[in-house]
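Read through the structure below, which is laid out as structure tokens, and then see the notes.
Since we're looking at a predicted model, the values are computed, not measured.
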Amino acid sequence: ICGDFVLVSGDTVSNMSLAEALAEHKERRRKDSNAIMTMVIKQSKPSLTTRKSRLGTDELFMAIDPDSKQLLYYEDKADKGTVSLDKTLLSDHPSIYLHNDKQDCYIDICSPEVLSTFADNFDYQHLRRHFLKGLLDDDIMGYKIFTHEIHSNYAARIDNFRSYDTVSKDIIQRWTYPLVPDVQFFGNSSTKLERRGIYRSSAVGQSLSAQVGPYTVIGSGTTIGNHSEISNSVVGEGCKIGSNVSIEGCYIWHNVTVEDGCKLKHAIVCDGVIIKSGVILEPGVVLSYQVVVGQHFAVPAYSKVSLYQQPIKQDSDEELEYADNSSGIIDASSISSLPDKLSKESTIQLSESQLLAASEVGNGGLGFIWSISEGSHEEEWGHSVAPIPAAKLLEIMNISNDEVEVQQQDGNLPHSGELEPDSVVANSDDDDNDMKDDYDFFEKEVDATFRRAVDENIKEDNVILEVNSLRLSYNLTTADCAGALFYSMMKSALSAPHSSSNDLVKNATNVITKWKKLLKYYLPSMDEEIEVILKFEEMCFESTKEYSKVFVQILHLLYDKDIIQEEAILNWASEKEGADENDKLFVNQAENLIKWLNEASEEED
């Protein structure tokens with residue numbers, strides 16, 4: 001390799017064009033021969049509750065020069081959120097931005113010096129942990145790494161089960177277009193996109209009484225029996241799903257048999273698995289290739305089941321040794337977060353003694369349940385396809401989250417995203433724009449959370465935990481949560497089928513009635529209630545103008561459901577008394593309601 005090259009992790013999914021990033025890299029190289037690498041990054045705020053990204057990875061801290069985009073610091077396992085910066089960075093750079101809201105896409109544009117650096121440092125084994133940090137700490141060669149941030153494109157790495165689940169959902173919801181199930185890149189079977197995000201391949205045999213829910217993919221040649229229900233799941237090709245089967249949030253690979261009466265929830269089932277009748281898979285279960293689960297057996301949560309016995313030894317190079325009673329030791333390469341990487345083409349032959357030993361998964365079963373090692377429980381729920389348990393989130397929230405401390409060797413620096421020696425105060429207009437951008441991102445994430453709650457029938461308490469973590473992450477108020485949730489509810493009602501204003505009001509009534517408890521949680525006082533009314537006004541003026549015709553009916557609905565009190569409506573109206581006529585449009589529409597509330601209030605007095 002004599003020129004620049006692109007280095008992409010094999011488990012990265014992306015639809016980005018490399019043209020702009022390549023052009024930036026080449027232009028930098030032309031001006032500075034030490035600019036040997038450009039990393040692709042994108043925005044991704046971690047949860048303040050778990051300090052994990054939506055991909056299940058640890059919170060990532062980066063220090064970047066805002067002018068040159070040079071990467072100055074990189075740490076993905078900060079100790080209790082504490083970051084230590086060398087004070088010489090501030091003397092060499094007029095300003096530094098410290099980020100914990102960026103995601104490493106593992107797409108790098110490299111110059112040949114990257115290869116020679118690896119050759120010179122033969123002990124480098126990991127591109128980020130060794131090479132990148134070694135380069136940032138090296139003052140002799142003077143090599144530099146820069147960043148290229150993408151905004152409208154998609155890029156994410158799948159290196160654990162949670163990222164596998166997240167990226168799969170993004171693909172199904174078409175964030176990765178054209179990398180979506182109904183765009184055929186290879187193979188002969190065609191897949192069609194139906195309503196509610198359902199993808200169905202050709203030659204699917206589905207009973208009339210079976211139900212396929214939203215955001216589900218059904219592969220070619222699969223059959224689904226009577227009264228079975230599948231939702232938010234991927235079912236591969238050639239699978240046989242029996243009758244009265246419930247599958248929720250699962251990934252069923254190819255040629256899997258699920259017999260009658262089974263319940264599968266947030267699990268991964270690999271090729272050729274047989275699940276006999278009455279089996280229950282608890283959340284987080286992984287069944288490896290060709291495993292057989294015996295009748296009426298309940299596989300415990302987060303269990304990993306394999307035809308191979310659990311490794312008896314794991315050395316520093318992450319090589320696993322498997323015990324095989326008939327042929328001694330079987331060596332297999334693996335990573336610590338996955339049970340095994342058996343190829344689906346391989347034929348597994350077990351002796352009679354092994355078959356008897358594999359009765360850990362019920363009568364007639366075949367497979368060994370791997371135990372969770374000490375200290376790995378957090379990794380199990382953090383890296384699983386199953387949602388993080390509500391009890392675990394509550395436990396984490398009860399532990400105080402330390403704020404990020406940026407330390408110099410001789411003292412502390414200001415708590416700020418931008419670190420400047422002279423403490424230059426940013427322009428107030430820029431601050432306002434940043435706050436607006438933050439709220440826009442927050443509103444989108446709350447909307448995505450609410451849509452997922454609707455689609456997956458998530459309980460209100462779990463939604464509250466997620467919204468609270470977003471509120472803390474963006475440093476916003478309860479009123480902001482109330483406005484964002486109300487906006488999401490109204491969007492949900494608007495997206496439902498309706499042919500008239502009356503239908504739209506009915507849709508809104510259904511949504512508000514179902515999620516009343518959730519919205520009410522964020523309305524502890526009259527101020528938050530007024531915020532909801534103001535948010536509804538804004539929606540009618542801008543994003544959802546269809547509601548402008550039914551503003552009064554929705555306002556009356558909120559009052560009837562005891563979501564908004566009469567004092568909030570009357571105070572909202574009184575605050576508008578001195579406003580322009582344009583700002584009083586909806587107050588005038590609600591004149592009769594306001595008059596009636598005033599009269600009722602006077603009678604009570």
Side-chain angles (χ1 to χ4, degrees), residues 43-45 47 49 53-55 154 156 162-163 165-177 180-181 193-199 211-217 229-234 248-250 265-266 385-388 390 393 439-471 473-474 476 480-498 504 506-522 532 535-536 539 543-544 546-547 554:
Q43 180 149 355
S44 176
K45 279 184 175 289
S47 165
T49 305
S53 73
R54 61 192 293 267
L55 298 175
Y154 187 90
R162 185 166 298 282
S163 58
D165 176 58
T166 299
V167 174
S168 296
K169 283 182 167 60
D170 289 343
I171 291 171
I172 293 170
Q173 296 177 21
R174 308 183 75 78
W175 292 105
T176 58
Y177 188 87
V180 291
L193 172 62
E194 303 174 3
R195 293 182 60 188
R196 301 194 304 159
I198 298 172
Y199 297 84
Q211 296 182 11
V212 176
Y215 302 116
T216 298
V217 181
E229 297 181 358
I230 304 174
S231 63
N232 295 290
S233 299
V234 176
E248 179 185 346
C250 294
K265 198 167 186 178
H266 302 293
V385 299
I388 298 174
L393 285 173
Y439 182 78
D440 288 343
F441 282 119
F442 169 75
E443 192 174 72
K444 289 177 181 177
E445 292 206 39
V446 170
D447 185 44
T449 299
F450 181 74
R451 281 191 287 110
R452 189 167 64 252
V454 172
D455 295 336
E456 301 179 14
N457 199 27
I458 297 173
K459 294 180 180 179
E460 289 94 339
D461 291 343
N462 293 349
V463 180
I464 288 170
L465 288 172
E466 185 66 27
V467 172
N468 282 346
S469 69
L470 289 172
R471 176 178 66 83
S473 179
Y474 285 90
L476 295 174
D480 293 321
C481 295
L485 275 171
F486 181 73
Y487 174 69
S488 299
M489 292 178 185
M490 291 296 98
K491 273 185 65 180
S492 177
L494 189 63
S495 64
H498 62 278
L504 182 57
K506 289 179 182 177
N507 290 347
T509 303
N510 293 335
V511 173
I512 290 171
T513 301
K514 180 176 181 180
W515 297 99
K516 170 185 172 181
K517 177 185 173 183
L518 175 61
L519 182 58
K520 193 68 178 173
Y521 179 87
Y522 292 101
V532 167
K535 183 65 178 180
F536 192 30
M539 292 167 60
S543 55
T544 54
E546 199 169 342
Y547 277 117
I554 301 296

Less than 4.5 Å apart, side chain to side chain, heavy atoms only: is that true for [X] and [Y]?
X: I171; Y: P181; value: yes
X: L193; Y: R174; value: yes
X: V511; Y: F450; value: yes
X: L470; Y: L476; value: no
X: R452; Y: P387; value: no
X: L485; Y: V446; value: yes
X: K517; Y: D461; value: yes

Closest non-hydrogen atom pair between [X] and [Y], with its separation:
X: D447; Y: K491; answer: OD2-NZ, 3.0 Å
X: I458; Y: W515; answer: O-CH2, 3.6 Å
X: K514; Y: E460; answer: O-OE2, 3.7 Å
X: N507; Y: A493; answer: ND2-O, 3.3 Å
X: S233; Y: G249; answer: OG-N, 3.0 Å

Would you give the length of the straight line joining atom [atom1] of [X] to atom [atom2] of [Y], rounded to the nearest 0.5 angstrom?
X: Q173; Y: S168; atom1: CD; atom2: OG; result: 11.0 Å
X: L504; Y: M490; atom1: CG; atom2: CE; result: 8.5 Å
X: Y522; Y: N468; atom1: OH; atom2: CG; result: 3.5 Å
X: D170; Y: L55; atom1: CG; atom2: CG; result: 8.0 Å
X: F536; Y: Y547; atom1: CZ; atom2: OH; result: 7.0 Å
X: K265; Y: C250; atom1: NZ; atom2: SG; result: 10.0 Å

Inset, instruction - State whether Y215 and K169 meet the cation-pi test: NZ (Lys) or CZ (Arg) under 6.0 Å from the six-membered ring centroid, and within 45° of the perpendicular axis. - result: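 Because its charged atom misses either the 6.0 Å distance or the 45° angle limit, K169 does not stack over Y215.
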
Legend entry - Under-4.0 Å salt bridge between K535 and E443: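 Here K535 pairs with E443 in a salt bridge, since their nearest N and O are under 4.0 Å apart.
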
Any side-chain to backbone donor/acceptor pair from [X] onto [Y]? Under 3.5 Å, distance only.
X: T513; Y: N510; result: no
X: R471; Y: D480; result: no
X: T166; Y: R162; result: yes

Legend entry - Criterion side-chain contact (heavy atoms from CB on, under 4.5 Å) on L518 and M489, from CA distance to verdict: CA-CA 11 Å; L518 175 61; M489 292 178 185; 4.3 Å; yes

Inset, instruction - State whether the number of non-hydrogen atoms from other residues, nucleotides or ligands found under 6.0 Å of K520 atom NZ is greater than 12. - result: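 For K520, atom NZ is crowded (more than 12 foreign heavy atoms under 6.0 Å).
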
Legend entry - NZ (K506) with more than 12 external heavy atoms under 6.0 Å: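 No - once you tally the heavy atoms of other residues, nucleotides and ligands closer than 6.0 Å, there are 12 at most.
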
Legend entry - The single option from V234, I172, I230 passing side-chain contact (heavy atoms from CB on, under 4.5 Å) against T216: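 It is I230; the other options fail the test.
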
Inset, instruction - Take E546 and H498 through the side-chain contact (heavy atoms from CB on, under 4.5 Å) test and state the conclusion after the steps. - result: CA-CA 11 Å; E546 199 169 342; H498 62 278; 2.7 Å; yes

